[in-house]
Amino acid sequence: MDTPDGEWGQASAEGQPYFFLSYAHTPPWGSGGGDPDHWVHQLYRDLCNHIMALTDLPAGAEVGFIDREMGSGVGWPRKLSENLARCRVFVPLLSPRYFTSEMCGRELYAFNERLLHARAVGGREVSAIVPALWTRVDFHQLPDSIRHIHLDRTTFGDRYATNGFYGLIKLSRLRDEYEETVLTLAQRIVQV
């Protein structure tokens, strides 16, 4: 977003992650003890791999940010604030749980405030929120606060619109579509 020299979205912005992946943490259940957000983290890793291939980021650069530690009811950690202030693109991973998560709402609000500030200072419209479907979300389920954000279902295909990334990653017969959809999202993040 705003770089040290004041330019919005400058490609050489050092130390700025390309994207912030915002998602609703799934609460643990049962006695399995596994990571309930394993597949979200896999999507994040796949996006990072594609963005490294699509850009000239040096080895060790921050490609993206995902909050893995934050649990329900935890305060706003400094690391989260810093990454919200530095990332170039905000990617809300939409699901019914996302819209009931106070933390997700706070993240979206904070990033949107950056966009409004940039517009007020720079005088131009900046679209740096790239929503993605984790699970199917019908338009009428979207809260008013997010309906203004363009949710591009057609670019990613019918199965993505029906299943979201979760369905594409979980169903082995849709693996190729998952790979293509992740690449398309990574290209969109880099473009923005």
Side-chain angles (χ1 to χ4, degrees), residues 1 17-30 34-48 51 63-77 79-116 127-171 174 177-178 181-182 184-186 188-189 192:
M1 307 298 262
Y18 259 89
F19 71 103
F20 183 110
L21 187 64
S22 174
Y23 71 101
H25 294 248
T26 304
W29 64 274
D35 180 1
D37 292 316
H38 168 78
W39 297 109
V40 173
H41 302 141
Q42 182 62 51
L43 170 63
Y44 172 77
R45 286 187 298 272
D46 292 342
L47 280 170
C48 288
I51 290 171
V63 179
F65 176 81
I66 185 171
D67 170 41
R68 293 194 62 159
E69 289 83 37
M70 192 130 191
S72 180
V74 174
W76 193 271
K79 186 175 181 181
L80 189 69
S81 294
E82 289 171 355
N83 281 284
L84 272 170
R86 297 179 323 123
C87 69
R88 303 177 201 189
V89 178
F90 184 81
V91 181
L93 200 51
L94 306 180
S95 67
R97 188 179 304 279
Y98 191 89
F99 303 122
T100 61
S101 167
E102 179 183 349
M103 190 55 64
C104 292
R106 290 174 68 188
E107 291 169 358
L108 181 59
Y109 177 81
F111 194 85
N112 197 51
E113 286 296 303
R114 282 183 60 198
L115 296 180
L116 294 174
S127 175
I129 298 176
V130 178
L133 292 176
W134 181 240
T135 59
R136 180 186 177 98
V137 177
D138 292 321
F139 184 78
H140 72 275
Q141 290 178 301
L142 296 176
D144 292 337
S145 61
I146 205 166
R147 283 191 183 167
H148 71 282
I149 300 170
H150 178 64
L151 183 58
D152 187 0
R153 297 168 188 245
T154 57
T155 298
F156 297 111
D158 291 338
R159 289 201 173 117
Y160 165 78
T162 301
N163 299 300
F165 277 108
Y166 180 74
L168 295 180
I169 201 170
K170 288 294 291 178
L171 299 172
L174 299 179
E177 287 187 54
Y178 168 76
T181 305
V182 174
T184 303
L185 179 58
R188 178 76 179 122
I189 290 168
V192 168

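Residues: numbered from 1 along the sequence shown. Predicted, not measured: the structure shown is a model, and the values here were computed from it.
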- Query: Going from CG on Leu185 to CG on Leu43, what distance comes out if it is rounded to the nearest 0.5 angstrom?
  - Reply: 7.0 Å
- Message: Are the side chains of Ile66 and Val40 in contact, using a 4.5 Å heavy-atom criterion?
- Response: yes
- Message: Quick one, Trp39 and Trp134 - any side-chain contact, counting heavy atoms below 4.5 Å?
- Response: yes
- Message: To the closest 0.5 Å, what do you measure between NE2 (His38) and OG1 (Thr26)?
- Response: 12.5 Å
- Query: Considering all heavy atoms of both residues, which atom of Tyr160 and which atom of Thr181 are nearest to each other, and what is their separation?
  - Reply: CD1-CG2, 3.8 Å
- Item | Check: Pro92 and Ile129 side chains under 4.5 Å, non-hydrogen atoms | yes
- Quick one: does Pro17's side chain get under 4.5 Å of Val63's, heavy atoms only? no
- Query: If you look at every heavy atom in Leu47 and Ala186, which pair is closest and at what distance?
  - Reply: CD2-N, 3.8 Å
- Going from CZ on Arg106 to OG on Ser81, what distance comes out if it is rounded to the nearest 0.5 angstrom? 8.0 Å
- Query: Leu171: what forms a side chain to side chain contact (heavy atoms under 4.5 Å, CB included) with it, not counting sequence neighbours?
  - Reply: Arg173, Leu174
- Donor-acceptor contact below 3.5 Å, side chain Tyr18 vs main chain Phe65: no
- Note on the structure: Here the gap from Ile169 atom CD1 to Asp46 atom CG, rounded to the nearest 0.5 Å, amounts to 6.0 Å
- Taking the side chain from Asn112 and the backbone from Leu108, do they hold a donor-acceptor pair closer than 3.5 Å? no
- Query: Does His25 offer a backbone N or O that forms a donor-acceptor pair with the side chain of Asp37 under 3.5 Å?
  - Reply: no
- Task: Tell me, with the steps shown, if Phe99 and Val137 meet side-chain contact (heavy atoms from CB on, under 4.5 Å).
- Result: CA-CA 10 Å; Phe99 303 122; Val137 177; 3.6 Å; yes
- Message: Taking the six-membered ring for Trp, are Tyr23 and Phe165 closer than 6.0 Å centroid to centroid?
- Response: no
- Item | Pairwise distance CE(Met103) to CG(Asp67) - rounded to 0.5 angstrom | 8.0 Å
- Heavy-atom distance under 4.5 Å between the side chains of Tyr166 and Ser95, does that happen here? no
- Note on the structure: Heavy-atom nearest pair, Ser101 first then Cys104, reads OG-N, 3.1 Å
- Item | Thr162 vs Arg136 side-chain heavy atoms within contact, under 4.5 Å | yes
- Note on the structure: When every non-hydrogen atom of Pro96 is compared with those of Thr135, the smallest separation belongs to CD-OG1, 3.2 Å
- Message: Please check this pair: side chain of Thr100 against backbone of Arg97, looking for a donor-acceptor N/O pair closer than 3.5 Å.
- Response: yes
- Flag side-chain contact, heavy atom, 4.5 Å: Cys87 against Phe19: no
- Message: Rounded to the nearest 0.5 Å, what separates atom CD in Glu113 from atom CG in Leu84?
- Response: 12.0 Å
- Are the side chains of Glu107 and Phe20 in touch, meaning some heavy atoms are under 4.5 Å apart? yes
